[in-house]
Asks: 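Before we start, here is the structure in question, set down as structure tokens.
In what follows, chains are A, B, ... by sequence order, proteins preceding strands, each numbered from 1. Below, each value reflects all heavy atoms present in this structure, side chains not excepted, and no hydrogens, waters or symmetry copies.
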Amino acid sequence: MEYKFREIEQKWQKYWAENHTYKVDINLNKPKYYVLDMFPYPSGAGLHVGHPLGYIASDIFSRFKRLKGFNVLHPMGYDAFGLPAEQYAIQTGQHPAITTDQNTKRYREQLDRIGFAYDWSRELRTCDADYYKWTQWIFMQLFDAWYNFETDKAEPINVLVAKFENNGTNGVKAACDEDTRSFTAAEWNAMSEDEQQKELLKYRLTYLSESVVNWCPALGTVLANDEVIGGFSERGGHPVEQKKMSQWSMRISAYAERLLQGLDNIDWPEPIREMQRNWIGKSVGALLKFNLEKFEDKIEVFTTRLDTVFGVTFLVLAPEHELVDKLTTPEHKAEIEAYINKTKQKSERDRMADVKTVSGAFTGAFAINPLSGEKVPVWIADYVLAGYGTGAVMAVPSGDERDYRFAQHFNLPIVQILDSQVIDETADATKEGKYVNSGLIDGMDYAEAMKTLVHKIEAEGTGKAKTNYRMRDAIFARQRYWGEPVPVYFKNGLPYLIDESDLPLILPEIDKYLPTETGEPPLARAAGWKYKGEFEYEHSTMPGWAGSSWYWYRYMDAKNDSSFVSKEATDYWKDVDLYIGGSEHATGHLLYSRFWNKVLKDLGYVQEEEPFKKLINQGMIQGRSNFVYRIIGTNKFVSYGLRKDYDTQPLHVDVNIVHNDVLDLEKFKKSIPDYANAEFVLEDGKYICGHEVEKMSKSKYNVVSPDDIIEQYGADTLRMYEMFLGPLEQSKPWNTNGISGVYNFLRKFWNLFLDEKGEVSVTNEEPSKAELKALHKIIQKVEEDVTRFSFNTSVSSYMICVNELTALKCNKRAILEPLVITICPYAPHIAEELWSILNPGKGSVIDAVYPEFKPEHLVEDAFDYPISINGKVKTKLNVSLALEPADVEKLVLESSDVKKYLDGKTPKKVIVVKGRIVNMVI
RNA sequence: GCGGAAGUGGCGUAAUUGGUAGCCGCACCAGACUUAGGAUCUGGCGCCGCGAGGCGUGGGGGUUCGAGUCCCUUCUUCCGCACCA
């Protein structure tokens with residue numbers, strides 16, 4: 001009987017579907033385990049061989065956990081709202097819902113063929129109304145909440161309203177907009193409804209405000225900071241500019257500290273945590289107010305080095321700073337205006353590329369250093385960012401490189417402030433030594449100086465200690481069609497939530513997927529789309545990350561239509577134990593999800609502070625492109641090794657007609673009409689192709705589809721080969737070359753169950769010691785490997801085990817049956833088939849129990865000690881493991897073989913490590 | 001510039017705690033079989049050398065009886081951040 005993988009795989013995939021083998025329910029008698037994959041965006045190109053890498057790993061892990069007795073939740077769905085479907089809709093007029101539906105079906109077929117243990121009864125799509133109903137509902141909870149720094153959590157907005165009614169803003173410590181004013185209870189109560197709403201909007205966790213946004217004209221939408229890379233859009237690479245607009249935002253900044261602290265309590269890769277720390281960008285420092293010589297206004301600066309305040313020789317404002325216009329003296333007006341105009345014309349990218357060039361302009365105004373009383377000039381320069389801190393800095397050229405260059409360029413003084421500071425050629429940011437030229441802190445060290453200064457500025461009211469975060473609130477709106485409608489309508493220009501009973505707010509049909517002629521978002525085209533037939537809805541839709549910021553909860557209770565997830569479900573499933581996905585979501589999805597999770601927890605809907613306990617990033621699978629070399633101007637192709645002898649041009653060739661870098665000439669000729677009459681210059685009768693590692697993409701003809709691999713070798717081979725390729729976290733190019741090794745292994749494994757005539761033949765004989773050793777080695781190895789996510793090493797261990805059992809001609813049930821169970825996570829189809837041969841009618845192997853490892857089967861009584869002299873292995877000596885080091889040493893020194901190497905000398909020292917090694921020093 | 005990860009045969013990789021470097025595959029070489037194949041089986045395969053032997057985990061140095069593994073230093077590649085006061 002042959003290994004017929006096509007029949008076997010189809011048979012079991014059908015069986016699993018019909019018997020709901022992977023359906024799970026809450027089971028209080030079993031410990032839960034939640035394994036989650038980052039759900040895919042269903043693109044039109046379908047899955048390539050790189051996409052399932054993480055899914056295979058998580059599938060192995062969840063199958064293993066199930067064999068170990070856990071109740072495993074392992075779901076899959078689709079992040080189905082997004083730009084590509086809409087861009088396609090603009091080009092073709094095809095409704096994004098239709099293409100998304102087609103793509104989703106194709107993804108599902110491809111996933112099914114790989115044999116995943118997903119509970120498909122929990123499948124979800126973020127674009128389904130019964131899913132986005134709850135995304136909208138969560139949006140409403142955020143709108144109806146504010147952040148109370150006193151209790152350090154989000155609370156219902158009513159609590160805040162009650163505070164305003166009783167005490168006004170007095171004593172309220174809330175996360176709010178920067179321009180928020182104070183008022184008394186009487187003032188609040190005297191406000192009109194509209195005025196109150198306007199005020200509350202400054203506190204809500206999702207709010208509408210006038211802010212500077214990343215506007216992408218080509219995409220016709222704003223983008224979040226994490227969607228802009230170096231001044232260009234992440235999707236499509238279009239230029240992005242800064243623009244002031246009224247926008248929905250999420251007050252994630254309120255959670256900056258908790259998001260930062262939480263990173264210490266989760267088992268995530270260090271690089272991801274570090275990226276989130278950078279993104280949050282906490283810096284501890286102080287705010288300090290400088291009086292102005294001729295104005296009542298003060299310039300407030302943020303500094304992390306208050307101790308350097310006596311080294312301040314000028315102030316610098318961002319060109320956008322609100323005081324610039326007012327401060328500028330008439331004689332400097334022209335210069336300042338010219339500089340501001342120049343800055344405006346520079347794109348974000350130019351500004352970044354131009355780090356080295358020093359530029360700036362003097363306003364003509366002077367400020368007074370609140371500690372030294374010194375008069376310092378006020379400049380503007382584009383190296384100061386309007387959006388960070390206060391948009392103004394105190395410049396300390398002796399301690400800061402940018403200030404140093406600026407001072408040198410414009411001939412401003414540079415004052416040494418620490419005795420150990422060396423500032424002849426460059427700034428020195430040291431904190432070592434004692435202060436000099438520094439008034440009241442002269443002679444102090446850093447710690448003492450900081451304490452003294454903070455105390456002084458707070459006592460005098462000129463400043464205060466302050467912690468600053470780089471992270472800005474997240475823009476939460478896109479001027480696009482294919483996203484969740486925002487459940488908000490406008491009355492008197494103010495936003496109000498629609499009634500909860502009106503959810504879901506269905507995405508309306510429109511005639512064209514383009515902005516209106518007046519530049520309104522596409523939803524403005526929806527004719528007659530008004531709340532209660534009267535009020536305008538919000539015309540933006542939610543960003544791509546809305547639906548993915550809570551989806552792991554929906555899987556827990558996917559069909560619930562009275563709540564986004566039931567309490568019963570969160571009580572049991574709680575959080576995600578293992579999350580596998582790409583590192584490209586480090587500062588987007590993974591940060592937003594943590595944020596929403598904390599809000600939902602604060603409001604009492606879920607119980608865990610962090611949603612994803614353990615995170616693993618699978619590496620990217622790159623493409624391995626192949627090239628042919630055409631002699632320029634001809635239809636003649638030269639083999640790789642000979643290409644230097646001709647004037648050639650490399651051309652991508654489809655990797656699917658190349659095997660081990662040898663081109664299939666017939667298939668090549670048939671590939672496109674131009675090549676039908678191609679001629680070749682061969683080496684050793686073959687055409688050898690060149691190769692290069694590139695991104696896997698259609699245009700490079702290096703895309704390998706899992707469908708093709710499965711067709712040729714089967715899903716079990718694909719699964720094992722993807723793991724065999726190397727450590728999960730590592731990025732690596734896909735190369736189909738090695739796959740036959742894995743395929744041969746599975747056939748060899750299959751053959752263990754057959755006799756010489758090819759008939760199934762398994763005996764009930766007692767296993768030998770060697771057979772038991774082979775089995776228990778693999779039982780132990782797989783358990784260890786899976787636990788530390790080292791899937792590649794298990795595959796080679798299976799190969800070793802099968803090689804050993806083949807050599808032993810083992811066909812004993814007592815060995816093969818447990819072996820089938822251990823391999824089921826990796827190669828579930830063949831495992832099912834063999835299991836059913838061993839145990840006809842006894843159901844699925846996934847319901848078996850992982851075999852128990854018995855260490856006694858691995859115990860040896862003798863060991864081949866490597867005998868080394870001065871650390872170099874010279875020979876080996878077989879010695880009983882029962883002997884203690886002193887006895888081993890005696891035997892070694894007596895051995896005639898060893899004496900040969902000692903050359904009559906007595907070793908100065910002999911080291912015996914029991915069961916490991918013997919080393920002699922001579 | 002700052003932060004992170006990684007450098008081992010022709011290739012992908014392995015090496016639990018400092019203890020025989022190169023497991024397992026691919027490719028390659030030799031042989032067997034043969035219904036000539038992108039099939040199967042057997043054996044070989046780090047480098048230099050006929051050999052004894054020597055060298056060998058990016059380079060240099062150190063600790064140790066012993067280093068791919070620990071420490072210092074340096075180079076290279078990839079990833080992330082980048083005027084953040």
Asks: Tell me which nucleotide, if any, is Watson-Crick or G-U wobble paired with A5(B) when both distances must be under 3.5 Å.
Replies: U77(B)
Asks: Expressed in angstrom and rounded to an integer, what is the separation of Q730(A) atom CD from C78(B) atom C1'?
Replies: 11 Å
Asks: Checking all strands, does K872(A) fall into the base, sugar-phosphate, or nothing category for heavy-atom contacts under 4.0 angstrom?
Replies: nothing
Asks: The test is side chain to side chain contact (heavy atoms under 4.5 Å, CB included); show your working for F789(A) and I616(A) and say whether it passes.
Replies: CA-CA 9 Å; F789(A) 306 99; I616(A) 294 207; 3.3 Å; yes
Asks: Mark yes or no for a side-chain to base donor-acceptor pair under 3.5 Å between K667(A) and G38(B), with no hydrogen or angle criteria applied.
Replies: yes
Asks: Starting at CG of L728(A) and ending at P of A5(B), how long is that distance when rounded to a whole Å?
Replies: 18 Å
Asks: Look at E274(A) together with R277(A) and state whether they make a salt bridge at an N to O cut-off of under 4.0 Å.
Replies: yes
Asks: Is there a donor-acceptor contact under 3.5 Å linking the side chains of N803(A) and K748(A)?
Replies: yes
Asks: My understanding is that only residues two or more places apart in sequence, or in another chain, count here; which of them pass ring pair (Phe, Tyr, Trp, His ring centres under 6.0 Å) with H776(A)?
Replies: H857(A)
Asks: Check the distance between C24(B)'s C1' and L725(A)'s CG and give it to me in whole angstrom.
Replies: 14 Å
Asks: Say whether D403(A) and Y383(A), considering side chains only, have a donor N or O and an acceptor N or O under 3.5 Å apart.
Replies: yes
Asks: Report the residue (T390(A) or R916(A)) whose heavy-atom-nearest nucleotide on RNA chain B is the more 5′ of the two.
Replies: R916(A)
Asks: Quote, to the nearest angstrom, the P distance that separates G10(B) from C45(B).
Replies: 15 Å
Asks: In whole angstrom, what separates F791(A)'s CZ from G12(B)'s C1'?
Replies: 19 Å
Asks: Taking only N and O in the side chain of N792(A), is any of them less than 4.0 Å away from OP1 or OP2 of G12(B)?
Replies: no
Asks: Do N919(A) side-chain and C65(B) base share a donor-acceptor contact under 3.5 Å?
Replies: yes
Asks: Please work out if N468(A) contacts a base, only the sugar-phosphate, or nothing of the nucleic acid, heavy-atom cut-off 4.0 Å.
Replies: nothing
Asks: Would you kindly give the NE2-to-P distance between H659(A) and G38(B), to the nearest whole Å?
Replies: 10 Å
Asks: Which one, G54(B), C83(B), G38(B), comes nearest to the side chain of K874(A)?
Replies: G54(B)
Asks: Using a cut-off of less than 4.0 Å, is there contact between a side-chain N or O of N744(A) and OP1 or OP2 of U40(B)?
Replies: yes
Asks: Should the side chain of Q712(A) and the base of G38(B) be counted as holding a donor-acceptor pair, with the cut-off at 3.5 Å?
Replies: yes
Asks: How many Å lie between CG on N870(A) and P on G54(B), as a whole number?
Replies: 12 Å
Asks: Taking atom C1' in both G68(B) and U16(B), what distance in whole Å separates the two?
Replies: 15 Å
Asks: Whether the S794(A) and Y826(A) side chains hold a donor-acceptor pair (N or O, under 3.5 Å, no angle test) is what I'd like checked.
Replies: yes
Asks: Does the side chain of Q622(A) pick up a donor-acceptor pair with the side chain of S731(A) at under 3.5 Å?
Replies: no
Asks: What I want to check is whether the side chains of D661(A) and N626(A) have a donor and an acceptor closer together than 3.5 Å.
Replies: yes
Asks: State which of G25(B), A15(B), C84(B) makes the closest approach to the side chain of R470(A).
Replies: C84(B)
Asks: Ignoring backbone atoms, establish whether N735(A) has a side-chain N or O less than 4.0 Å from OP1 or OP2 of G12(B).
Replies: no
Asks: Under a 3.5 Å threshold, yes or no: a donor from one side chain and an acceptor from the other, between Y339(A) and S359(A)?
Replies: yes
Asks: By the rule that syn is within 90° of 0, classify the base conformation of G9(B) as syn or anti.
Replies: syn
Asks: Enumerate donor-acceptor pairs with a distance under 3.5 Å from any side-chain N or O in residues 912-922 of chain A to protein atoms, sequence neighbours excluded.
Replies:
from, atom 1, to, atom 2, distance (Å)
K914(A), NZ, E884(A), OE2, 3.2
N919(A), OD1, S868(A), OG, 3.2
N919(A), OD1, G871(A), N, 3.0

Asks: Say you pick atom P in G43(B) and the same atom in C11(B); how far apart are they, in whole Å?
Replies: 26 Å
Asks: Just to be sure I understand the rule, does F724(A) reach a base, reach only the sugar-phosphate, or reach nothing, if contact means heavy atoms closer than 4.0 Å?
Replies: base
Asks: Categorize P727(A) for me: base, sugar-phosphate, or nothing, with a 4.0 angstrom heavy-atom threshold over every strand shown.
Replies: sugar-phosphate
Asks: Would you measure the distance from the C1' atom in G54(B) across to the matching atom in U64(B) and give it in whole Å?
Replies: 24 Å
Asks: Determine the interatomic distance between P on C50(B) and the same-named atom on U40(B); round to the nearest Å.
Replies: 36 Å
Asks: Within this structure, what is the CG-to-C1' distance between D661(A) and G10(B), rounded to whole angstrom?
Replies: 12 Å
Asks: Counting only Watson-Crick pairs (N1-N3 plus N6-O4 or O6-N4) and G-U wobbles (N1-O2, O6-N3), all under 3.5 Å, who is the partner of U20(B)?
Replies: none
Asks: Contact class for V921(A) vs. all strands (heavy atom < 4.0 Å): base, sugar-phosphate, or nothing?
Replies: sugar-phosphate
Asks: Please tell me whether W734(A) and Y721(A) form a close aromatic pair, meaning their ring centres lie under 6.0 Å apart.
Replies: yes
Asks: Determine the interatomic distance between C1' on A14(B) and the same-named atom on G9(B); round to the nearest Å.
Replies: 13 Å
Asks: Can you tell me, in whole Å, how much space there is between the P of C2(B) and that of U74(B)?
Replies: 12 Å
Asks: Choose from U20(B), G38(B), G25(B) the nucleotide whose nearest atom is closest to any side-chain atom of M799(A).
Replies: G25(B)
Asks: Using Watson-Crick or G-U wobble geometry with both distances under 3.5 Å, which nucleotide pairs with A30(B)?
Replies: U42(B)
Asks: Closest-nucleotide mapping onto RNA chain B: is F863(A) or K909(A) further toward the 5' terminus? I mean the 5' end.
Replies: F863(A)
Asks: Taking the side chain of I911(A) as heavy atoms from C-beta outward, which of G19(B), C84(B), C26(B) is closest to it?
Replies: G19(B)
Asks: Taking only the C1' atom of each, what is the distance from C24(B) to A30(B) in whole angstrom?
Replies: 22 Å
Asks: Is there a side-chain polar atom (N or O) of Y865(A) under 4.0 Å from OP1 or OP2 of U20(B)?
Replies: no
Asks: When you check the phosphate oxygens OP1 and OP2 of A85(B), does a side-chain N or O of S283(A) lie under 4.0 Å from one of them?
Replies: yes
Asks: With respect to the side chain of R402(A), which nucleotide from C26(B), A15(B), A85(B) is positioned closest?
Replies: A85(B)
Asks: Grab the CE-P distance between M920(A) and G19(B) for me, whole Å please.
Replies: 20 Å
Asks: So which nucleotide from U20(B), G25(B), C83(B) ends up closest to the side chain of D382(A)?
Replies: C83(B)
Asks: For R747(A), answer base if it contacts any base atom (sugar-phosphate contacts may also be present), sugar-phosphate if it contacts only those atoms, and nothing otherwise; contact means non-hydrogen atoms under 4.0 Å.
Replies: sugar-phosphate
Asks: Can you tell me the pairing partner of A15(B) across any strand shown, Watson-Crick or G-U wobble, with both distances under 3.5 angstrom?
Replies: none
Asks: Quick check on contacts: within residues 274-281 of chain A, what sits under 4.0 Å from RNA chain B by heavy-atom distance?
Replies: E274(A), M275(A)
